[in-house]
*Asks:* 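Questions regarding the structure given below will be posed in turn.
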Amino acid sequence: MTNTLHPNLLKPLDLGFTTLKNRVIMGSMHTGLEDRFYNYPKLAEYFRERARGGVGLMVTGGISPNRQGWLLPFGGTLNSIFDVPNHRKVTTAVHEEGGKILMQILHAGRYGYQPFVVSASAKKSPISPFKPKALTERGIRATIRDYARCAGLARQAGYDGVEIMGSEGYLLSQFLCTRTNQRTDRWGGSIENRMRLPVEIVQQVRAAVGADFIIMFRHSVLDLVEGGNTWDEVVQVAQALEQAGVSIFNTGIGWHEARIPTIVTSVPRAAFASVAARLRQAVKVPVVASNRINMPDEAEALIASGAVDLVSMARPFLADPEWVNKVAAGRADEINTCIACNQACLDHTFANKRATCLVNPRAGFETELVYRPATRKKRVAVVGAGPAGMSAAAVAAERGHAVTLFDSSDSIGGQFKLAMQVPGKEEFAQTLRYFGARLQAAGVKLVLGLRVTREQLSAQEFDEVIIATGIVPRIPAIPGVGHAKVVSYLDVLQRKVTPGKRVVIIGAGGIGFDVGEFLLHDPAIPLPVPLAHWCHEWGVDLNAMTQGGLTPPTAHEAPQPYRQLYLLQRKAGKLGAGLGKTSGWVHRATLQRNGVEMLAGVEYLRIDDAGLHIRVGGAERLLEVDHIVLCAGQDPLAELMPDAKAATTAAAPRFHCIGGAALAVELDAKRAIREAAVLAAGL
Ligand code: NAP
Ligand code: SF4
């Protein structure tokens, strides 16, 4: 089948000296593999798989032009001829598959997590412990030379071009904005002076690489920080950079230290595309829209309308290397959609771990997690169609096993069906759509609406039985927990109960926060939340009439939050400390903005008609509420597992227990899906 729905997305783009085969760019994503020379063969396979998947142009993770620019100690650097052979492994793999690839040159400036950091001025960033040294005139000259040498070496290594990272608050942003540039010499002060560094870098890079080499500049079109640039300055910089030799403008949104979310799942799809479209009106070279574009319909609309020339997606290619081929074949419903959770990609990067993907555990592990055809076809039962069960069933069936997937519910999805009820988590529905299509294509036999028993499993003579039955919510031993005011998060998220206007949530883990957002949502506002409403809530001015595009947040000025909420935990310390590093702050900020009272170090005394009695800070307190929602964690549900002795002595079937059924503590879909895929890959 060929695509008639997304023709513009698949149109080539002629850059004069080279042609991109379609309008889709895989944006830069740091995987961690680029930081060690011995990981380049793995990195090459990672890119090979994505080039084979049809994407028009790819960009590597950030590579520093020198030591001062390292993001992390000994981070990926290209400043010597000895680095070239490693990079050539990547470019060769990509070119063998008919792809094109740019190397991103990233100087972290004051975001570097290492002691050699430099910046425009000696001003520490709020997200790094290292105070930078202000670059001297000599240091600036050396930096420009390092960029040019790095780009020249990239050309020698076979790259089709470079992307110069000029956004997200890294070094070039630090020179471009008064927030961080307080210099009084010719590199600071007016916008003409502040843009001198990026402009001279582009000029010198162009001189080093010649005319037939792509220079894509990632330009910060909306800084989203105080002391960021205004729209007029953004345009002035872009025009000077174009003059200096830029071939394509990619767009960057928000500095890493911005307190406005720019890529998490609650950001509306394609939220910032209009800003990229405005840039396109101001320059002659092609412009790329980025951020929260993950599916072809939005991407096609942006290209078809002429708003932008290309779209960039980074995380969606971790989730699905075949994204473009599926679109081209009219199989968009089979795309494994990035749900913008950040859990296995950015959260890993910030924890100095290899980036992978929650919905695609093979990402970054292309040479290690391989689904080979099974040598002997087995009969496999998978019990539980949540994330773990769906993943195990799909991989096992794709390898050639005969798989039956059981679930007591009448639809697949497990906990994901709950997650997608939470405002801002609508993307989780995409994962269910994807697995539905994948299970069907793999020939998995679905038996839904049946709570299968051990006897029924025995009767069917399976070779392997995978128990993925998940969890049961924990009921804490609080006097009065059986009171009619007490409900489980399941009742709330499944809409079996509509809590009153005053609610206390017991437990401040991921689900406690999710339930908080669910209860704060005013049903009069449609879901997913419209872009204008989202901008109003977070104080974003997409026209960037103000510095950085910030306006005062206004949601807290609303008459009243939709409900009065309390969120409680027993341990001392910050609530939500266990949430994702790159997304937890968004959830905390949302609850704070809505006046949620968050209490730590709470002792639960009893529940009665009056409400919840607690002791906190040595004093007793009554929370007079209509409902108490239990979000107090989970216990494993694995009643179908035979005892250990029976499991090891029986000839067949072999039993396996995965996901929440194996370990409910810190239950999360990332572990469940990976564990299931690894098990099924070895059956
Ligand atoms: P969780 O993260 O383990 O949190 C459980 C909460 O319940 C904690 O705040 C804990 O705090 C409290 N608790 C535990 N035992 C209790 C007891 N006996 N009595 C009263 N309170 C008790 O579990 P969850 O919130 O159910 O989430 C499950 C998993 O889903 C998480 O691991 C998370 O990875 C994932 N998830 C993540 C997100 C997200 O990142 N946004 C969203 C949803 C789910 P105290 O012990 O201090 O009271
Ligand atoms: Fe997207 Fe989440 Fe995968 Fe990252 S881990 S690529 S955000 S689905």
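All heavy atoms count here, side chains included; hydrogens, waters and symmetry mates do not. Order of listing sets the numbers, starting from 1, for every ligand and every atom in it.
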*Asks:* Please could you name the atoms of ligand 1 that Cys631 approaches to less than 4.0 Å, counting only its heavy atoms?
*Replies:* 5 (C), 6 (C), 7 (O)

*Asks:* So how far is it from Leu310 CG to Leu302 CG, rounded to the nearest 0.5 Å?
*Replies:* 11.0 Å

*Asks:* Hey, is the main chain of Met216 close enough, under 3.5 Å, to the side chain of Asn250 for a donor-acceptor pair?
*Replies:* no

*Asks:* Answer whether the closest heavy-atom distance between the side chains of Ile478 and Val486 falls below 4.5 Å.
*Replies:* no

*Asks:* Kindly assign one of parallel, tilted or perpendicular to the pair Trp538 and Trp585, based on the angle between their ring planes and the thresholds 30° and 60°.
*Replies:* perpendicular

*Asks:* Are any of the side-chain heavy atoms of Glu517 and Asn594 separated by less than 4.5 Å?
*Replies:* no

*Asks:* Specify side chain, backbone, both or neither for Ile511, according to which of its non-hydrogen atoms lie closer than 4.0 Å to ligand 1.
*Replies:* both

*Asks:* So, does Asp626 use its side chain to make a donor-acceptor pair with the main chain of Arg502 at under 3.5 Å?
*Replies:* yes

*Asks:* Within the distance-only criterion (no hydrogens, no angle test), does the side chain of Tyr40 pair as donor or acceptor with the backbone N or O of Glu34 below 3.5 angstrom?
*Replies:* yes

*Asks:* Which N, O or S atoms belonging to the protein are less than 2.8 Å from atom 2 (Fe) of ligand 2?
*Replies:* Cys341 SG

*Asks:* Has Gly578 got any heavy atom lying under 4.0 angstrom from an atom of ligand 1?
*Replies:* no

*Asks:* Just which atoms of ligand 1 are under 4.0 Å from any heavy atom in Gln569?
*Replies:* 47 (O), 48 (O)

*Asks:* Counting only N and O atoms by type, is there a donor-acceptor contact under 3.5 Å from the side chain of Lys417 to the main-chain atoms of Ser411?
*Replies:* yes

*Asks:* Under 30°, 30 to 60°, or over 60°: which ring-plane class applies to Trp255 and Tyr111, parallel, tilted or perpendicular?
*Replies:* perpendicular

*Asks:* What do you reckon, does Gly510 have a nitrogen or oxygen under 3.5 Å from a nitrogen or oxygen of ligand 1?
*Replies:* yes

*Asks:* Would you tell me which option among Lys670, Arg671, Gln634 has the nearest heavy-atom contact to atom 26 (O) of ligand 1?
*Replies:* Gln634

*Asks:* Keeping Lys670 on the side-chain end and Ala344 on the backbone end, is there a donor-acceptor pair under 3.5 Å?
*Replies:* no

*Asks:* What atoms in ligand 1 come closer than 4.0 Å to a heavy atom of Gly507?
*Replies:* 6 (C), 7 (O), 9 (O), 12 (C)

*Asks:* Knowing that exactly one of Asp333, Thr337, Asn336 qualifies, which makes a side chain to side chain donor-acceptor pair (under 3.5 Å) with Arg433?
*Replies:* Thr337

*Asks:* What do we get for Gln415 next to ligand 1 when only non-hydrogen atoms under 4.0 Å count, side chain, backbone, both or neither?
*Replies:* neither

*Asks:* Find all atoms of ligand 1 within a distance of less than 4.0 Å from any non-hydrogen atom belonging to Asp668, and give their numbers and elements.
*Replies:* 34 (O)

*Asks:* Is the NZ or CZ atom of Arg674 positioned over Phe365's six-membered ring, under 6.0 angstrom from the centre and within 45° of the axis?
*Replies:* yes

*Asks:* Would you mind listing which atoms of ligand 1 come within a distance below 4.0 Å of any non-hydrogen atom of Tyr604?
*Replies:* 20 (C)

*Asks:* In ligand 1, which numbered atoms sit nearer than 4.0 Å to a non-hydrogen atom of Ala508?
*Replies:* 6 (C), 8 (C), 9 (O)

*Asks:* Judged on heavy-atom distance to atom 10 (C) of ligand 1, which of His587, Arg474, Lys571, Glu517 sits nearest?
*Replies:* Lys571

*Asks:* Just go through Gly601, Cys341, Gly633, Ala632 and tell me whose heavy atom is the nearest to atom 14 (C) of ligand 1.
*Replies:* Ala632

*Asks:* Please work out, at 4.0 Å between heavy atoms, whether the side chain, the backbone, both, or neither of Ala419 comes within that distance of ligand 1.
*Replies:* neither

*Asks:* Any heavy-atom pair between the side chains of Leu568 and Leu612 that's under 4.5 Å?
*Replies:* yes

*Asks:* For atom 18 (N) of ligand 1, which candidate among Glu603, Gln343, Lys425, Arg570 holds the nearest heavy atom?
*Replies:* Arg570

